[in-house]
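For the numbers below, each heavy atom of this structure counts, side chains included, while hydrogens, waters and symmetry mates do not. Owing to the predicted nature of the structure, the values given are computational and were not obtained by experimental measurement.
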Amino acid sequence: MRFAMYDRILAGILLVLSGLIVWAALQFDVPFQYEPLGPKAFPVILGILLTIFSVWLIIKPDKNSWYPTADIMKKLLAGLVLMIAYAALFEKAGFILATFLVGSVFSWLFGETPKRAAVFALIMSVISYFLLTLLLQLNVPSGTWLASVF
């Protein structure tokens with residue numbers, strides 16, 4: 001049962017994160033003319049879902065015998081650093097370039113060859129950009145670094 005401890009630790013961290021997500025979303029100062037839901041709705045909904053699943057994991061942790069190895073912990077830490085880099089790159093590099101760079105490294109980090117990781121990340125970033133902009137009609141940054149090119 002000691003392995004359930006890892007699930008509960010993760011769930012506790014996610015619970016704190018979900019609270020921070022909701023708190024940050026509620027701090028958005030949104031002009032009145034925004035669409036009915038506005039930019040607050042999506043992070044609040046995600047935060048609520050993350051809260052529900054975190055509480056569930058605390059109450060009923062998985063009964064498997066998995067525990068994080070040193071290699072997995074290094075990959076998780078690298079993933080955290082990558083997500084911070086993604087947030088830092090997002091506005092300046094733009095959605096496609098930032099998603100491509102971070103997606104490539106994530107794919108490579110979790111076992112894909114560098115060439116296949118780059119191809120996958122390129123396809124994923126371009127398709128998701130057009131899905132977000134055309135289908136969902138969301139504004140995603142095109143980037144200031146490449147603004148003169150486009």
Side-chain angles (χ1 to χ4, degrees), residues 5-31 33-58 61-62 66-150:
M5 175 184 67
Y6 293 110
D7 286 348
R8 288 190 172 119
I9 290 171
L10 175 65
I13 292 168
L14 291 176
L15 192 58
V16 170
L17 180 63
S18 67
L20 291 173
I21 290 169
V22 171
W23 176 80
L26 293 176
Q27 301 305 310
F28 290 159
D29 185 27
V30 182
Q33 65 267 23
Y34 251 93
E35 64 268 4
L37 291 177
K40 291 182 180 186
F42 188 67
V44 168
I45 292 169
L46 283 178
I48 291 169
L49 288 173
L50 187 56
T51 299
I52 292 167
F53 294 130
S54 297
V55 169
W56 176 261
L57 195 55
I58 288 171
D62 196 9
W66 180 86
Y67 61 96
T69 63
D71 187 46
I72 290 174
M73 292 303 288
K74 287 177 191 173
K75 287 181 180 183
L76 290 174
L77 182 60
L80 178 62
V81 170
L82 278 172
M83 293 311 296
I84 292 168
Y86 185 67
L89 287 172
F90 195 67
E91 288 289 325
K92 290 186 170 103
F95 179 85
I96 293 176
L97 183 58
T99 304
F100 167 72
L101 292 173
V102 172
S104 296
V105 176
F106 257 119
S107 297
W108 170 73
L109 186 65
F110 286 95
E112 196 56 74
T113 64
K115 182 179 177 182
R116 287 179 56 139
V119 169
F120 167 75
L122 179 63
I123 292 169
M124 180 194 67
S125 61
V126 170
I127 289 174
S128 60
Y129 176 82
F130 287 110
L131 285 174
L132 289 170
T133 57
L134 298 176
L135 186 65
L136 297 176
Q137 297 181 351
L138 296 174
N139 293 325
V140 292
S142 56
T144 57
W145 289 348
L146 301 175
S148 61
V149 176
F150 299 106

field: Spatial distance of atom CD1 (I52) from atom CG (L57) [nearest 0.5 Å]
entry: 14.0 Å
For residues 96-106, tabulate all N or O donor-acceptor pairs below 3.5 Å that involve a side-chain atom, not counting sequence neighbours.
residue : atom : partner : partner atom : Å
T99     : OG1  : Y86     : OH           : 2.7
T99     : OG1  : F95     : O            : 2.6
S104    : OG   : F100    : O            : 2.7

query: Out of I9, L15, V16, which residue meets the side-chain contact (heavy atoms from CB on, under 4.5 Å) rule with I13?
result: I9
- request: Locate the shortest heavy-atom distance separating I21 from P43; write the atom from each residue and the value.
  value: CG2-O, 3.3 Å
- line: The side-chain contact (heavy atoms from CB on, under 4.5 Å) partner of S18 among L49, L50, L46 is L50
For a quick test of your reading: what N or O donor-acceptor pairs under 3.5 Å do the side chains of residues 116-136 make, sequence neighbours left out?
residue : atom : partner : partner atom : Å
R116    : NE   : E112    : OE2          : 3.0
S125    : OG   : A121    : O            : 2.9
S125    : OG   : L122    : O            : 3.0
S128    : OG   : M124    : O            : 2.7
S128    : OG   : S125    : O            : 3.2
T133    : OG1  : Y129    : O            : 2.9

- line: For K74, the salt bridge (charged side-chain N to carboxylate O under 4.0 Å, His left out) test, sequence neighbours excluded, returns none
message: If I compare all heavy atoms of L26 with all of V44, which pair ends up nearest, and what's the gap?
response: CD2-CG2, 4.1 Å
query: Roughly how far, to the nearest 0.5 Å, is CD1 of I72 from CG of L77?
result: 13.5 Å
- line: Note: S54 and L14 closest approach over all heavy atoms is OG-CB, 3.2 Å
